[in-house]
Amino acid sequence: MEMNGLPLVVMAMETEALPIRERLGLEGPGAKLADRLDARIWSNDLVHLVINGIDPRFEVDSIGTLPAALTTFAAINYVQAEIVISAGTCGGFIQRGGSIGEVIVADQCVFHDHRIPLEGFKEYGFGDFPVADMSAVARSLGFRVGTVSTGDALDAQSCDMDRLLNVQAVAKDMEAAAVAWVCEKAGVPFTALKVTTDLVDGEEPTEIEFSANLQFASERLSEAMFSLIHALKN
Ligand code: ADE
């Protein structure tokens with residue numbers, strides 16, 4: 001495969017990104033990506049990493065699909081990316097064998113909350129964006145390969161659960177499909193690397209389980225990212 005540029009990792013939360021930045025030696029405050037965006041970017045000879053940044057009004061990480069799309073668009077214009085990796089934490093599913101700390105690489109990427117029952121718009125809302133075939137490398141690293149499904153809520157209502165079941169989602173996140181949407185437009189290969197913080201169909205309230213496991217899952221994500229980036233290099 002002809003490789004141009006480096007992998008571009010797109011992340012939403014500072015806490016998720018910190019262990020990766022430490023492991024990859026991406027120090028300092030990062031560079032401002034674009035005017036009017038809070039996103040910051042770091043680069044070395046292995047990788048570019050961009051984080052959506054802190055929302056100045058709410059003083060929290062800019063999570064969700066809107067910042068993810070804007071950041072990805074700006075970053076693709078700022079650096080030459082061989083592949084874009086949407087990286088972060090996700091919810092997993094007990095009924096599909098998921099567990100806390102499981103590492104997942106996408107082989108399908110869809111939206112579960114774009115419900116548009118109008119002629120032609122159903123498929124548009126679903127997305128089902130092009131995903132790079134990473135299954136061989138992912139399996140060789142011991143990662144699970146499956147459907148990553150994106151929505152703008154941390155919780156899952158029963159209509160979301162129906163759709164997550166329909167696609168046999170193994171990861172529920174809040175950014176991947178937005179990143180994939182931009183990558184399709186830009187003609188840049190896309191993948192997602194996610195680590196499970198909480199079990200969507202478990203007993204524990206998502207927000208409690210998420211917060212309890214965020215640090216552990218972020219460490220796991222940094223190990224997985226390090227392995228994936230090195231595997232892509234070879
Ligand atoms: N990120 C981590 N856990 C999540 C969940 N359950 N839903 C969406 N995004 C998440």
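What you see below is based on every heavy atom in this structure, not just the backbone, and it leaves out hydrogens, waters and symmetry mates. Order of appearance sets the numbers: ligands from 1, and atoms from 1 within every ligand. Counting begins at 1 with the first residue of the sequence.
Listed by number with element, the atoms of ligand 1 under 4.0 Å from a non-hydrogen atom of Thr197 are 2 (C), 3 (N). Residue-ligand proximity, Thr206 to ligand 1, at heavy-atom distances under 4.0 Å covers atoms 6 (N).
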Decide side-chain contact (heavy atoms from CB on, under 4.5 Å) for His112 and Lys172; before the verdict, give the C-alpha distance in whole Å, the side-chain angles of both, and the deciding distance to 0.1 Å. CA-CA 9 Å; His112 55 261; Lys172 170 181 176 283; 3.7 Å; yes
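In this structure, the separation between CD1 on Ile63 and CG on Asn52 is 9.5 Å, given to the nearest 0.5 Å. If you take CG on Asp173 and OG on Ser149, they are separated by 8.0 Å, rounding to the nearest 0.5 Å. Remark: Thr150 OG1 to His114 NE2 distance equals 8.5 Å, nearest 0.5 Å. Atom OG1 of residue Thr196 and atom CZ of residue Phe93 lie 9.0 Å apart, to the nearest 0.5 angstrom. Between the CE atom in Met225 and the CG atom in Leu49 there is a gap of 7.5 Å [rounded to 0.5 Å].
For atom 4 (C) of ligand 1, the nearest non-hydrogen atom of the protein is Gly91 N, 3.3 Å. Atom 7 (N) of ligand 1 has as its closest protein heavy atom Lys172 NZ, 2.8 Å.
Residue nearest to atom 9 (N) of ligand 1, selected from Met13, Glu207, Met174: Met174 (by heavy-atom distance).
With a 4.0 Å cut-off on non-hydrogen atoms, Leu154 touches ligand 1 through its backbone as well as its side chain. With a 4.0 Å cut-off on non-hydrogen atoms, Thr89 touches ligand 1 through its backbone as well as its side chain.
Close N/O approach between Phe210 and ligand 1 is not found [any backbone or side-chain N/O within under 3.5 Å]. Residue-to-ligand polar distances keep Asp173 apart from ligand 1: every N/O pair is separated by 3.5 Å or more. The shortest N or O to N or O distance between Asp198 and ligand 1 is under 3.5 Å.
Val47 and Trp42 fall within a single hydrophobic cluster, where Ile, Leu, Val, Met, Phe, Trp and Tyr side chains are chained together by heavy-atom contacts under 4.5 Å.
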